[in-house]
Amino acid sequence: MADRPASPRSGAPSPSASSSKSNRDPSLYLDEHGDLPFYFLDAAEPQLQDKGGSREGAKVVLFGKVPSPQKEGQFDSCSVVVKGFYRHCYFHKARQEVRQEDGSIVYGDYVSDDEAEKEIEACLLRLGVREVMMKPVKKNYPFSFMIDKSKEGQQISREGEYMKVLYPSAYPSLSKRELKGRTFTHVFQESQSMLELLILGKKIRGPGWLKIRAPTAPAFAKTWCKTEFELTLNDPEMEGDEEEQNVLWMNPQPESPPVTVMSLAVRAVPQPKTGVNEVLMISAVVQKNFSIDGPSKDANKNMSSFTIVRNAPNSSCNFPFGFKEELEKAKKMGHNVTDAASERTLLSLFLAKMHIIDPDFIIGHSFLGFTCGVLMARMDEAKVANMSKLGRLKGLQIEWKKRNKSTNSKSHFVEKLVMTGRLVCDTYTSATELVREKNYSLSTLCHSLLKVERPEVSPSEYSKFFAESSTILRLCNLTEGDALLQLRLASQLMAIPLTKQLTNLAGSLWSRSLSGARAERIDYLLLHEFHNRSYVLPGKPSRDMRAGDSGDGEGEVELMGGGAAGGATATRQGRRKAQYSGGLVLEPKKGLYDTFVLLLDFNSLYPSIIREFNICFTTMDRPKQEKPEGEFAYDLPRDTSLDSMGVLPRMLKMLVEKRQAVKSALKSESDKSSLKAQQLEIRQKALKIMANSMYGCLGFVGSRFYAQPLAEMITMKGREILQQTIDLAEKKMNLDVVYGDTDSIFVDSRSHDISEAKKLGNELKSEVNKLHRDLVIEIDGIFSKILLLKKKKYAAVVYEEGPSGPVLSYELKGIDMVRRDWCQLSREVSKTVVDTLLSKEISKEEVIISIRTTLMEVAETLRTPGKVPLSGLAITKSLTKHPQEYGDKNSQPHVMVAMRKLQRNEPVAVGEQMEYVICKGEGSLAEKAFSPSEVKEQGLEPDIEYYLENQIHPPVARLCASIEGLEEAQLAEALGLDTKKFSSTVDSRAGAFGGQELSDTKPLLQQFDDVEPLTLRCVLCKTCVAFPGVYPFQRKRWSQATAEEESEDESARKQEHALRCSNPACPSHQRGEDGAVPNGSPTKPAASAEAFPVGYLRALVGKKIADFKQRYASGYLLVEEEKGTVKMRRVPLSLKYTPELRVVEEYTSSALYRQLLYYRSLFDVKLAEHMSDDANKERQVNGKHKLELQPLPPSVAISMSSVVRYVSAQLEHSAFQQINLSSLFDTTVM
RNA sequence: GAGCGCAGCGU
DNA sequence: ATTACTATCGACGCTGCGCTC
Ligand SMILES: [Mg+2]
Ligand SMILES: [Mg+2]
């Protein structure tokens, strides 16, 4: 930037000129006026130990970087200890009570300054504050729109009169409870920290260049920084003079200095007996030119690394013979490995390195949650000196007895304390905030973000690595690799530049921003703004800023002290009940749409509402009238003109406009991957985050600016605007709104024409936008197909026009397959089902076939032991608290698994993803849940039926809920589940078959309506014969009776078997009466005389069965082929099977089953006898003659039974109901 | 069916 | 209601599972 000073020290003596002085001379850092250019990174207000009775004033330590006097362009770490603070508080003056004649009291003017001053002075004196400065001031009050029920008649108005009170910080801050008086009603900022006072007073807005006026050298260093200064603040002049400020924010800002980051990876091994982690190895990767504004240039050039590994004699991790030599060799190869004789040596060495390298940033994966704690515990145990070198604040005393409580302390308080002065970027924490993953282990993140497979080594394997020198070095390599991966991960996530931008925008502390204090960022943004506008600032959560909230009459709970606010009862982990209503969600018009559906969405709805309606602390009025309990009493600000803009709208306007500027700058950037472009991208993102999180903080009980009425007003307007938009679309434009959620509507264009749909969308868009000034709705997407399932649950095909035709992609919201609490298998099956449902141009029948086939295949695979890997069955659930803290631990699978893990002395972290597999066995679900490792070790068997019934069926059923022909029962049938659980309005035929026993020789004959009849072809004369069954009378009895007349053979009294050629001239008839029987002809081989030999029958039936199976299975194969190639383009099944399209389409599993059963029945002699009984009963009723079944020749009987056995074998393997449909896919034919 | 609890999607 | 230890977390809307009554 052109307007930037080239260097923060412009005008300073050049380094060479002062080279004669000692390197340590701090004055070298000062410019010609004796001022210090200081890049502020972070600050802390260390708590002071009380030394007897004498109190020291508060100290605030600023940590940062200063230009190195020795080397141009380099920077040294520096701290500035600021002293001489005065506490600032504001006493709001009371109004005089005037007694009326009727005895009532009215409140008049403010009490006089003298009166107030006297009382306040006395009050402070009573609290031990002897040096006080006081002055009447006018201040504004941010919560003037709320009614303070505890202070009837003494409401604070927007502008009011206060006494400003200042006293040295050596005196303690005042307790609100002790501050009661006649002349004042409220006290503000009495507990403000000096750090906050400094930041607000000096307008320090996050990391940036400051000019420190005339700092001095300290008598002794309080920090481990390379150089240190001390600054005593001027005595507070009541009127702050800009020239007298001793800390100034530089304007314009020179370029930020690069920082040094150190990524740490530690291998700790738990002691078998105690479970205490001991440090085995520490690796660090250091990068010196790390840019805090964006990606770093030449990152690799400025990287170095080291590893320290320790010997552990008398344990499994001792150095093998000759390790020293190997180590020396490795060192010569450039591998920076140091050995240490003991853990203590290792830790000391490490601290020394830390001190020399003096990193500004520490990067680690779960650094605060694990690594740092382990290091500290071991340093304490081994009595390693100067543990505080981990951070930069010297001589910290940490009370260890307190922290040995339990491992589940989530605040990492001590760790943060020790790290003071070095910023910590925890890749775990950052990732949980910046990306959504199924879990946040280093390996997973490397895989998904860096596309790198990280080799995992568990502590139990360390001893193996210590068997040989080479493998120890390999472990060192891996550890160093981890450190490098963490560094890359942090860079990839842009965690450091992004939090820096956020901190700059908010004017908060970087260390707090890094540890994810989101609400605090908004607090600081508003604190700065309100401070600058001369408002008294709200303190820690307490009710007096907004005592007696309008809606619920909670009076003066706060005075009782203990009463926890916000209803946060005890150890309640689950989310508490909502305090006010939020967004409007429409009931979707459920179903599958194949017309274009438009998604219109308001840009940043809530921030826009704040601007549109000028909603702010400063613009809202007190409710004019009492409203009944629970009703919202506030009115909208009447004035929404731009000149009366409130603070919040103004800030949002600023954020939005800045973002627009950044985005347009980004647009003009030709190379989107350039450093500049990426910096802009980060800035843009930070601006968006800030704008969007403002609303959330208004409703946050713990926020400094907690203002539920504002939050409530915003959501209320949100609901109104969405409803208004819907009405416009439906009533005025006669459109079909099929769904909407908070800030969006989904409109069915009822058209297959994209341009028509777009036109419609644009019309609606412009109509809506006409209604608003700041609110903007936009077409957020066009779906060529959408399956609306439930509120917040849908699957859609996004239609976009690319340079070469339409580009399709999925949008999947809320459905089970996007959630991590279903096993992978379930998600995969759902995926296939969604693929089918959303595929293009596929008939309803094809969809049904395809999904049924998928399910049958899944069931078959699952029921085949070992076909599905355990990982596919693992169900994942997070531990949201320590296992012990769960109420009924015994009924929750993930908790049970965690408890057992604890029992085995394995660490269990809060937030960890517990994997479990449901196994066969007795008891409740939780008792059948085991971790994958337990399953393997104990040889347990997964409960396949559980998975089919509870993991596959419900999600698929939900997806198919609106698809006719794929009701729950059909899906259950396809999965081979008990269909009785589902209402039997569904497939009655399937139901009928479901109850059928295979051994039953009396099937329901009408069920063979749709089977293909069996045609035999005489092997001798090639005549084709439709095979009626064992006897001719059976011909018309397989399906519903037809009106057709009986043929001669069917009604013949003497029923001869039907296994004979119909051609009278056939040679088969030449041989004896029965034809089929080779009755011992001497001239011809017996077999050749048969029309239908048994071998032929079996082959024919076998072939037919195989054909049907193939026909059935081919549907599946086609789907499978599809999956591998084009996700969205499914070739319809009919394309491949045009000649037999109908057959294929209708060829379901039950059809196949019936076909097989039919074949068997045709040859079933016993069945024939049953059927003749039935037939004779009917004939008797109708007065027809009785049929007499003629005995079968032995050979025919053998043929018949042979075929029956053959078909039965195939049927038995393929139990269609409740057993196993899978062998239908067995393509081998006997 | 209600209650409780758990999970974590959605805006 | 914390910036020294009980942790501390932006809001609300919605579905789905398991257990007990
Ligand atoms: Mg939006
Ligand atoms: Mg939206």
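Labels below follow one simple rule: chain letters A, B, ... track the order of the sequence lines, proteins then strands, and each chain is numbered from 1. Values below: every heavy atom of this structure, side chains too, minus hydrogens, waters and symmetry copies.
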Expressed as a whole number of Å, how far does the [atom1] atom of [N] sit from that of [M]?
| N | M | atom1 | value |
| --- | --- | --- | --- |
| C/dT2 | C/dT6 | P | 12 Å |
| C/dT8 | B/A7 | P | 16 Å |
| C/dT3 | C/dC9 | P | 11 Å |

- Interatomic spacing from CG in A/Asp821 to OG1 in A/Thr876 - rounded to 0.5 Å: 8.5 Å
Any side-chain N or O of [X] less than 4.0 Å from the OP1 or OP2 oxygen of [N]?
| X | N | result |
| --- | --- | --- |
| A/Arg820 | B/G8 | yes |
| A/Lys877 | C/dC17 | no |
| A/Arg436 | B/C9 | yes |
| A/His894 | B/C6 | no |
| A/Gln892 | C/dG18 | no |
| A/Lys813 | B/U11 | yes |
| A/Ser878 | B/G8 | yes |
| A/Tyr794 | C/dC14 | no |
| A/Thr880 | B/A7 | yes |
| A/Lys792 | C/dC14 | no |
| A/Arg958 | C/dC17 | yes |
| A/Lys889 | B/G5 | no |

- Query: Between A/Tyr916 and A/Phe930, is the gap from one ring center to the other below 6.0 Å?
  - Reply: no
- Given the side-chain rings of A/His412 and A/Phe370, with only the six-membered ring counted for Trp, is the space between their centroids under 6.0 Å? no
- Is a side-chain N or O of A/Asp888 found less than 3.5 angstrom from the main chain of A/Ser891, in a donor-acceptor match?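 It does not hold such a pair.
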- Is the backbone of A/Ser581 close enough, under 3.5 Å, to the side chain of A/Arg719 for a donor and an acceptor to pair up by distance?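 Here the side-chain-to-backbone pair exists.
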Return the value, rounded to whole Å, for the distance between atom [atom1] of [X] and atom [atom2] of [N].
| X | N | atom1 | atom2 | value |
| --- | --- | --- | --- | --- |
| A/Asp743 | C/dG13 | CG | P | 15 Å |
| A/Leu584 | B/U11 | CG | P | 15 Å |
| A/Met896 | C/dC17 | CE | P | 21 Å |
| A/Ile918 | C/dC17 | CD1 | P | 14 Å |
| A/Leu788 | C/dC14 | CG | P | 16 Å |
| A/Asp821 | C/dT15 | CG | P | 15 Å |
| A/Asp888 | C/dC21 | CG | C1' | 14 Å |
| A/Leu502 | C/dG10 | CG | P | 13 Å |

Scan [X] against the nucleic acid and name what it touches under 4.0 Å (heavy atoms): base, sugar-phosphate only, or nothing.
| X | value |
| --- | --- |
| A/Ser924 | sugar-phosphate |
| A/Val895 | nothing |
| A/Ala578 | sugar-phosphate |
| A/Pro954 | sugar-phosphate |
| A/Ser581 | sugar-phosphate |
| A/Gly814 | sugar-phosphate |
| A/Gly696 | base |
| A/Tyr580 | sugar-phosphate |

- Item | C/dG13 base / A/Arg575 side chain donor-acceptor hit below 3.5 Å |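 Present.
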With respect to the side chain of [X], which nucleotide from [options] is positioned closest?
| X | options | result |
| --- | --- | --- |
| A/Ser193 | C/dC17, C/dT3, B/A7 | C/dT3 |
| A/Trp822 | C/dC17, C/dC5, C/dT15 | C/dC17 |
| A/Asp741 | B/C6, C/dT3, B/G10 | B/G10 |

- Query: Can a donor-acceptor pair be found between the side chains of A/Trp822 and A/Asp816 at a distance below 3.5 Å?
  - Reply: yes
- Going by atom types only, do A/Ser608 and A/Asn603 share a side-chain donor-acceptor pair under 3.5 Å? no
- Task: Output yes when A/Glu196 and A/Arg704 qualify as a salt bridge under the 4.0 Å nitrogen-oxygen rule, no when they do not.
- Result: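 A/Arg704 and A/Glu196: salt-bridged.
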